[in-house]
Amino acid sequence: VEDYKVKVKEWAHDYERQFIMIKINYLVGGPVVLGLLMGLLTFDLFGFIIFTGLGIYGGLSLPAWLLRNIRFRRGVQCEAQLMDSMILMSNGLKSGVDFVKCLEMVRDEMQPPISEEFGLCLKNYGLGTSLERALEGVEERVQSRLLAYMIKAVVIQRSVGGNLTKIFDRIVENIREESKLAEKTAAMTAQQRIQSIVVGLMPWVMLIVMFVFQPGPMKEYYFTPLGIFTLMFCTVWIAIGMSVVNKLGDIQV
């Protein structure tokens, strides 16, 4: 229980860093309650154990899984806005504005999530944190390789000097070329991604259909130790199949 309370605080802090306020106990309790109800509706001891176990596993896994997806999507959104933000900062630097004022321009003129991230960076800087450390905080919160490149370039430039405007122009050019390659590879690997989804979902769809049309025989088999072992065995191999098919279309640009 104590470990769970500590984990809940960590999850809540991580969600707040993504600008999301959420009740972790509700997020964990929802799948658990749903699993209990589905287990009770089976009117079978093994069915109750199976669905309750799945509900507990889902409840404990959902916060971390949802957080990873939120961080990934937020990183993708920031990368989509990064080129415009860097062009805006580069133009500001060319007109003689210092870098902090350029960050304020991004905060005021760009849309979330990148405006929120740089706004929090400026807030930490205003509270006494060094600008380098505030920028590193953005890198820690946002899962974006391109944003990390930009921040590292700024930190290095402030340490050893250099023309930041030219660095920004070069990064913007690289982002353009990388975006073209990413779109091309996404189109080429679309079939592999669809196959991965089909491999993962189709067996469970067929299982649900069989339960709907033949509930008696399905309960007699799957709500037994042998049926539970079969489900576990199939789950492992379906996960392996999804990973293999998905890896075939995994191309790093």
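What you see below is based on every heavy atom in this structure, not just the backbone, and it leaves out hydrogens, waters and symmetry mates.
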Visitor: Between S95 (side chain) and G92 (backbone), is there a donor-acceptor pair under 3.5 Å?
Guide: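 Such a contact is found between S95 side chain and G92 backbone.
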Visitor: Sorted by first residue and then second, give each side chain to side chain donor-acceptor pair (under 3.5 Å) pair with at least one member in residues 16-33; sequence neighbours left out.
Guide: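 Every side chain to side chain donor-acceptor pair (under 3.5 Å) pair that includes a residue of residues 16-33, provided the two are not neighbours, is Y4-N25.
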Visitor: If we only count heavy atoms from C-beta on, is the F99 to Q157 side-chain gap below 4.5 Å?
Guide: no
Visitor: Taking only residues two or more places apart in sequence or in another chain, which ones pass salt bridge (charged side-chain N to carboxylate O under 4.0 Å, His left out) with K166?
Guide: none
Visitor: Hey, does L66 have a side-chain heavy atom less than 4.5 Å from the side chain of Y15?
Guide: yes
Visitor: Please name the pair of heavy atoms, one in L147 and one in V138, separated by the smallest distance, quoted to 0.1 Å.
Guide: CD2-CG1, 3.8 Å
Visitor: Are L146 and I87 connected in the hydrophobic side-chain network, where two residues link if heavy atoms are under 4.5 Å apart?
Guide: yes
Visitor: Closer than 3.5 angstrom, by distance alone: can the side chain of S90 be matched with the main-chain N or O of M86 as a donor-acceptor pair?
Guide: no
Visitor: Does any non-hydrogen side-chain atom of Y222 lie less than 4.5 Å from one of I50?
Guide: no
Visitor: Going by the rule salt bridge (charged side-chain N to carboxylate O under 4.0 Å, His left out), which residues pair with E10 if we only count those two or more places apart in sequence or in a different chain?
Guide: K7
Visitor: Search all heavy atoms of S144 against all heavy atoms of E79 and return the closest pair with its distance.
Guide: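 The answer is OG-CG, 2.8 Å.
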Visitor: Which ILVMFWY residues can you reach from F72 by hopping between side chains whose heavy atoms are under 4.5 Å apart?
Guide: V76
Visitor: Over all heavy atoms of both residues, which pair between M150 and I171 is shortest? Give the atoms and the distance, please.
Guide: CA-CD1, 4.1 Å
Visitor: If you define the side chain from C-beta out and look only at heavy atoms, does anything of C102 sit under 4.5 Å from L88?
Guide: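 With C-beta onward as the side chain, the pair stays apart.
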Visitor: Hydrophobic side-chain clustering at under 4.5 Å (ILVMFWY, transitive links): who's grouped with M21? Put none if nobody.
Guide: none
Visitor: Please tell me whether V32 and L37 are part of a single hydrophobic cluster in this structure, the criterion being side-chain heavy atoms less than 4.5 Å apart.
Guide: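 No, V32 and L37 fall in different hydrophobic clusters.
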Visitor: Hey, any chance W204 and L34 share a hydrophobic cluster, counting ILVMFWY side chains that come within less than 4.5 Å of each other, even indirectly?
Guide: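 Shared cluster, yes.
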Visitor: List the atom of R107, the atom of L122, and the distance in Å for their closest heavy-atom pair.
Guide: NH1-CD1, 3.9 Å
Visitor: Answer whether the closest heavy-atom distance between the side chains of L131 and L103 falls below 4.5 Å.
Guide: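 Result yes, sub-4.5 Å side-chain heavy-atom pair found.
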Visitor: How far apart are the C-alpha atoms of F168 and V154, what are their side-chain angles, what is the distance that settles it, and do they pass the side chain to side chain contact (heavy atoms under 4.5 Å, CB included) test?
Guide: CA-CA 9 Å; F168 277 6; V154 172; 3.8 Å; yes
Visitor: In sequence, state the C-alpha distance, the side-chain angles, and the governing distance for F211 and K219, and then conclude on side chain to side chain contact (heavy atoms under 4.5 Å, CB included).
Guide: CA-CA 8 Å; F211 260 104; K219 287 175 61 176; 4.0 Å; yes
Visitor: What residues form a salt bridge (charged side-chain N to carboxylate O under 4.0 Å, His left out) with D84, not counting sequence neighbours?
Guide: none
Visitor: Using modelled atom types and a 3.5 Å cut-off, is there a donor and acceptor pairing between side-chain atoms of Q81 and backbone atoms of M110?
Guide: no
Visitor: E104: what forms a salt bridge (charged side-chain N to carboxylate O under 4.0 Å, His left out) with it, not counting sequence neighbours?
Guide: K101
Visitor: Quick test of your reading: applying salt bridge (Lys or Arg N to Asp or Glu O under 4.0 Å), list the pairs with at least one residue in residues 85-99, sequence neighbours left out, ordered by first then second residue.
Guide: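 Sorted result for residues 85-99: K94-D169.
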Visitor: F213 and I208: side chain to side chain contact (heavy atoms under 4.5 Å, CB included), yes or no, with the steps?
Guide: CA-CA 9 Å; F213 288 99; I208 293 173; over 6 Å; no
Visitor: Could you tell me if the side chain of L40 sits less than 4.5 Å from the side chain of F51, heavy atoms only?
Guide: no
Visitor: For the residue pair P203 and V198, what are the closest heavy atoms and their distance?
Guide: CD-O, 4.1 Å
Visitor: About how many Å separate CD1 of I228 and CG of L231, when rounded to the nearest 0.5 Å?
Guide: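 One gets 8.0 Å once the value is rounded to the nearest 0.5 Å.
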Visitor: Who pairs with L201 by side chain to side chain contact (heavy atoms under 4.5 Å, CB included), at least two apart in sequence or on another chain?
Guide: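 L201: side chain to side chain contact (heavy atoms under 4.5 Å, CB included) contacts with I197.
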Visitor: At what distance, to the nearest 0.5 angstrom, does CD of E173 lie from CE of M83?
Guide: 11.5 Å
Visitor: Transitively linked via ILVMFWY side-chain contacts under 4.5 Å: V6 with V28?
Guide: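 No, no single cluster joins them.
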Visitor: Are V33 and F48 connected in the hydrophobic side-chain network, where two residues link if heavy atoms are under 4.5 Å apart?
Guide: no
Visitor: Could you tell me which residues satisfy side chain to side chain contact (heavy atoms under 4.5 Å, CB included) with I156, sequence neighbours excluded, listed by chain and number?
Guide: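 Partners of I156 under the side chain to side chain contact (heavy atoms under 4.5 Å, CB included) test: V160.
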Visitor: If you look at every heavy atom in P113 and C78, which pair is closest and at what distance?
Guide: CG-SG, 3.7 Å
Visitor: Are F118 and L135 side-chain neighbours, meaning at least one heavy-atom pair lies under 4.5 Å?
Guide: yes
Visitor: If a pair satisfies side chain to side chain donor-acceptor pair (under 3.5 Å) and one of its residues is in residues 112-137, list it, with sequence neighbours excluded.
Guide: R74-E116, R74-E117, E117-R141, E132-R158, R133-E140
Visitor: Quick one: CG on L93 to OG1 on T165, what's the gap to the nearest 0.5 Å?
Guide: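 Taking CG in L93 and OG1 in T165, the distance rounds to 4.5 Å.
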Visitor: Just to verify, what does T230 make a side-chain hydrogen bond (donor to acceptor under 3.5 Å, both in side chains) with, not counting sequence neighbours?
Guide: Y221
Visitor: Run the side chain to side chain contact (heavy atoms under 4.5 Å, CB included) test on V172 and R176 for me, step by step, so that the C-alpha distance in whole Å, both residues' side-chain angles and the decisive distance to 0.1 Å come before the verdict.
Guide: CA-CA 6 Å; V172 168; R176 285 197 183 103; 3.6 Å; yes
